Amino acid sequence: MADSVEVFLIGYQDFDLLLPAGDYEGLLSADDCLAAGTGLGSLALEQGCLPAVQIRQRDASFALVSLESYAARLGSADRADQAGCRTIFMVDTSLRPDLLLLVERDFELHNYRYADLRLIPACLRRWLEAVGIVGMAFSGTGKLQLIVCPVQLPELLLSWRGSKSEVLV
Amino acid sequence: MKSTQFIETLEAIEQEPDRLEGETSLSSRFFIFSIGELKLALPPEQVHEIVCDLEIHALPACPPYIAGLINCHGYPYAVLDLHVLFRSERHGVDKFLVLKMDADSVAIGCTEVNEIVDIPLSQVSTFADKDTDGRFCSAVFEYQGDRILVLSVAHVLSQLEQDLG
């Protein structure tokens, strides 16, 4: 098993989202979306949220498992595109919540050692896993980073919006 | 003395009041801390560390008495806001009692770490079943004119489980 995992890091005001890269087929810019004629690119441009991140989810079947098995799965050499189902999330939930992840800031691909990832404190595990948070880390500057299960990302963002709407603008 | 032993001792004394005769020095130590005007106590051995001035990272989808997380030596600790539980309102904190727990990472936010005191067990009482303060506490005692509640962390965590449903 690899000792590290690639994650897409998307920074917000109060926290970072870590999306394990093995879950995603790739990222497209708003221009790419426009070129592909998906209609998502124009949506992103209208919202002024560049880049648009189009996420193709590889496999939804392991989305609700624990961090350990989740990490183990991502660490395996098998990166075959199994499901081919396309799921695209949208952060701005005033728009269609199942379409597009719109981020204001740039996203980056990072390599995280498993030794630097943290389990959720036991007393909160069921609470946070219910909204798709499967683990966490702290950045070098101490910022909280949440490892998020892709299938539940919209629910997490909706839930967060209910309590801290400013983080989603 | 752990809280479970402490409760067992108190219960034994209630059942056998004569037991205290000749054992007047029987006492228990308590770590007293404050959150605003609210004073609480814990058995000192439940407190692993006191840390100050850490940022509380807010979390989604948690009940209001979970203030968030602190980063203590690179590890996340759930922070309990006991003022919400006891007074139904938030209170700013700048100190954290990191608890000694085998299978969990929990800290309590507070404003003051007061002192460690020895209290004769004869002055410590348990709660009546209907006493609302007893929901999250195992005992209560008077100290220097203050009513100090002895917190039961297990009761608070049990409430967290119940609230999840």
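Just so it is clear, the model here is predicted, and its values are computed rather than measured.
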> Looking at B/Ile66, B/Asp104, B/Leu157, which one has more heavy-atom pairs under 4.5 Å with chain A than the rest?
Replying inline: B/Asp104
>> Quick check on the interface: out of B/Ser105, B/Cys62, B/Gly74, B/Pro76, who has the most heavy-atom pairs with chain A under 4.5 Å?
In response: B/Pro76
> Can you check whether B/Glu89's main-chain N or O pairs, donor with acceptor, with B/His83's side chain at less than 3.5 Å?
Replying inline: yes
> Do the rings of B/Phe136 and B/Phe86 sit parallel, tilted or perpendicular, given the 30° and 60° boundaries?
Replying inline: perpendicular
> Backbone N or O of B/Ser34 within a donor-acceptor pair of the B/Asn114 side chain at under 3.5 Å?
Replying inline: yes
> How about B/Phe30 and B/Phe141: are their ring centres within less than 6.0 Å of each other?
Replying inline: yes
> Looking at B/Leu69, B/Val106, B/Asn71, which makes the most heavy-atom pairs under 4.5 Å with chain A?
Replying inline: B/Asn71
> Between B/Glu115 and B/Tyr143, does any side-chain donor sit less than 3.5 Å from a side-chain acceptor?
Replying inline: yes
> Which atoms of B/Leu80 come close to chain A, meaning under 4.5 Å heavy atom to heavy atom: side chain ones, backbone ones, both, or neither?
Replying inline: neither
>> If I measure from the heavy atoms of chain A, does B/Ala103 come under 4.5 Å with its side chain, its backbone, both, or neither?
In response: backbone
